[in-house]
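I have placed the structure first, in the form of structure tokens, so that the comments after it can refer back to it.
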Amino acid sequence: MSTSVALEAARRRTFAIISHPDAGKTTLTENLLLAGGAIRAAGAVRARGENRRTRSDWMKIERERGISVSASVMTFDHEGLMFNLLDTPGHEDFSEDTYRTLTAADAAVMVLDAAKGIEPQTLKLFEVCRLRDIPIVTFINKMDREAQDPIALLDEISSKLALDPAPLYWPAGSGGRFKGMLDLRGQKFIPFGKNREEGHPDPVAFNSNAIVTHLDPDEQGELEEASMLVQEASKPFDVQSFIEGHMTPVVFGSALRHFGVDELLATIAAYAPAPKPRAAEKGGAETHVAPGDPEVSGFVFKVQANMDPNHRDRIAFFKLTSGKFTRGMKLKTFSTGVRGETPSKQMSVNAPIMFFASDRELAEEAYAGDVIGIPNHGVLRVGESLSETGTLRFAGLPNFAPEILQRVRVKDPLKAKHLKKALEGLAEEGVTQLFRPDIGSDFIVGAVGQLQFEVMADRLSNEYQLDVIFEASPYAEARWLTGATADLEDFHSKHRTAMATDIDNDTVFLAKSAWEIGYLGERFPKVAFHRSKERS
Ligand code: GDP
């Protein structure tokens with residue numbers, strides 16, 4: 001292990017924001033970038049988005065629906081730390097993409113709307129974080145609007161998420177009566193400036209005379225009482241418990257008014273963990289790859305195609321797990337496919353990209369925790385492990401069983417071949433899943449949500465000039481099969497019409513209902529039906 005490599009990794013903070021749509025993730029992202037000095041004026045994130053939209057037609061959906069469907073990363077250097085903020089799409093149809101992005105996060109910020117508390121999508125995303133032991137910082141947003149009782153919000157975190165909330169600050173009022181918040185550890189009062197132009201006044205000691213300019217005696221009494229009560233009722237913040245995923249530090253604020261955002265960033269800087277060692281497989285044995293290990297390694301958690309329509313390039317988002325990456329370095333993929341028959345591919349990474357908020361730059365070097373974009377022509381797939389020796393394989397990037405399966409046809413039959421290539425491209429990106437039934441010439445496309453089909457139709461039309469029709473398919477579920485060869489062949493021969501292969505050529509059974517899977521599971525006990533497949 002190299003000390004300088006380990007030290008560089010130790011100053012990385014790679015995190016994602018999870019929230020229910022409309023809780024304020026975009027606004028908070030922008031304000032975190034502002035707090036981190038990455039952008040100068042609010043509005044830049046959206047402006048960048050607009051710019052992207054005008055360049056990429058399929059983003060029309062984003063504009064029409066007012067939702068964000070593209071995920072990316074933003075890197076900024078602040079007070080000696082390198083922050084990598086992973087942007088996750090908020091709409092639930094894109095949860096699969098979000099899940100994958102979370103595999104690259106070392107911490108998460110959970111944004112709650114103070115009036116709404118924990119919403120369905122928050123809960124779903126929280127569960128993924130828990131599954132992966134990702135520590136969570138809570139930001140209770142929109143305090144400038146009428147909020148729920150903050151004690152009730154903490155109770156909800158505790159009861160719905162089985163997570164101990166540890167408030168680091170306590171708010172004084174909300175909505176029109178929102179006055180600011182008390183730093184519970186420093187007994188400093190941070191006033192909320194009502195006047196947008198003037199910003200927020202400087203913090204004052206809570207027990208000093210200066211407090212009277214911000215709080216009247218009743219408000220002071222209330223805040224003192226509430227803060228004492230909450231400190232008695234909640235466990236004190238404990239970093240270890242946070243890292244282990246049992247406790248969440250809570251910060252209150254208003255992303256829109258840039259209040260509480262500096263405190264949130266400081267909380268992330270102080271407590272969010274640097275990248276941890278990651279479980280991997282090497283030569284058939286289990287191992288752990290540490291951030292300070294000399295060999296460069298990592299995995300691809302997202303592939304985005306046609307970010308620039310002038311080039312048919314794809315960008316693979318690669319999260320480094322160890323080593324010091326330098327531009328021009330040769331990396332090898334671990335062989336793909338469940339059966340592992342695809343040989344390892346080697347590539348020289350000559351034009352790696354770092355995504356800074358205002359600009360994209362060539363990455364001259366990168367360390368564990370960093371995310372770099374590797375342009376390629378479809379060689380790199382989601383879930384792929386890359387390393388200098390090509391012998392490492394990181395586990396844990398799932399491919400979820402799709403919840404909707406549809407048949408896809410191209411209107412012009414002469415373009416059938418073209419369709420195959422386009423569908424394969426989108427499947428390699430992880431946008432949708434593609435199944436080729438053993439019998440017949442149709443393609444079955446699987447997605448987690450309906451919106452994915454719309455995105456797909458839009459992209460096929462704009463990027464590949466293909467007009468397609470989606471039709472109902474007789475299938476409701478897809479399952480990957482494993483078992484002894486003889487048992488699999490037996491099953492196969494009896495269900496030929498429902499057998500298909502995925503893009504890795506792995507066998508998939510297309511079932512008409514969940515009930516059918518249960519029934520066949522009993523009849524073929526030696527065949528295992530998997531809802532997901534871990535990609536190598
Ligand atoms: P996202 O869907 O989670 O990305 O949410 P956005 O950041 O787009 O915010 C949704 C809406 O809430 C927008 O109209 C924002 O202006 C508004 N919003 C976000 N943060 C705040 C806040 O702190 N206070 C108020 N009053 N509105 C906010």
Side-chain angles (χ1 to χ4, degrees), residues 15-35 39 41-50 52-53 59 61-74 85-95 97-98 101-102 105 108-126 129 136-148 150 153 169 171-181 190-196 199-200 250-265 357 449 451:
F15 68 104
I17 301 181
I18 60 169
S19 66
H20 191 85
D22 267 356
K25 193 179 61 176
T26 313
T27 313
L28 182 63
T29 299
E30 183 167 85
N31 280 277
L32 277 169
L33 295 174
L34 209 57
I39 52 173
V45 173
R46 261 178 229 289
R48 203 181 70 111
E50 292 299 333
R52 264 205 322 241
R53 277 167 209 161
M59 303 274 179
I61 292 181
E62 281 193 341
R63 206 172 43 217
E64 283 162 10
R65 298 275 189 111
I67 54 163
S68 161
V69 293
S70 61
S72 59
V73 57
M74 273 170 267
L85 170 49
L86 304 173
D87 187 13
T88 53
H91 195 280
E92 69 178 309
D93 283 355
F94 288 82
S95 51
D97 209 359
T98 309
T101 297
L102 286 174
V109 171
M110 174 170 75
V111 185
L112 302 182
D113 181 324
K116 295 183 177 159
I118 292 163
E119 296 176 83
Q121 187 76 349
T122 337
L123 195 60
K124 253 170 112 176
L125 293 165
F126 167 77
C129 291
I136 294 172
V137 178
T138 301
F139 185 73
I140 299 187
N141 190 29
K142 306 196 186 181
M143 288 305 295
D144 60 317
R145 285 206 189 149
E146 216 48 57
Q148 283 182 34
L153 288 167
Y169 300 87
S174 72
R177 288 167 293 108
F178 184 49
K179 295 293 169 69
M181 61 188 183
I190 305 160
F192 175 74
K194 287 244 177 305
N195 189 331
R196 261 168 203 268
H200 307 294
V250 181
V251 178
F252 293 83
S254 162
L256 188 66
R257 300 291 310 277
H258 197 89
F259 184 80
V261 182
D262 295 340
E263 287 74 14
L264 175 65
L265 188 59
L451 187 62

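Residue indices begin at 1 and follow the sequence shown. Remember, it's 1-based here, ligands and their atoms both numbered in the order they're listed. Hydrogens, waters and symmetry mates play no part in the numbers below; they use all other heavy atoms, side chains included.
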Could I get the full list of side chain to side chain donor-acceptor pair (under 3.5 Å) partners for Gln148, not counting sequence neighbours?
none
Should one rank Arg145, His20, Glu30, Lys142 by closest heavy-atom distance to atom 12 (O) of ligand 1, which comes out on top?
Lys142
Just going by heavy-atom distances, which of Asp144, Ile17, Asp22 is nearest to atom 2 (O) of ligand 1?
Asp22
CG/Leu256 to CG/Asp144 distance, rounded to the nearest 0.5 angstrom?
6.5 Å
Scan Thr29, Leu34, Leu33 and name whichever one has a side chain to side chain contact (heavy atoms under 4.5 Å, CB included) with Asn31.
Leu34
Against heavy atoms of Ser254, which atoms of ligand 1 measure under 4.0 Å?
22 (C), 23 (O), 24 (N)
For Lys25, the ligand 1 atoms with a heavy-atom partner under 4.0 Å come out as 1 (P), 3 (O), 4 (O), 5 (O), 7 (O)
So, does [X] use its side chain to make a donor-acceptor pair with the main chain of [Y] at under 3.5 Å?
{"X": "His200", "Y": "Gly193", "result": "yes"}
{"X": "Arg145", "Y": "Ser254", "result": "no"}
{"X": "Lys194", "Y": "Phe178", "result": "yes"}

Taking heavy atoms and a distance under 4.0 Å, where does Asn141 meet ligand 1: side chain, backbone, both or neither?
side chain
[X], any N or O under 3.5 Å of ligand 1 N or O:
{"X": "Leu256", "answer": "yes"}
{"X": "Gly24", "answer": "yes"}
{"X": "Gly253", "answer": "no"}

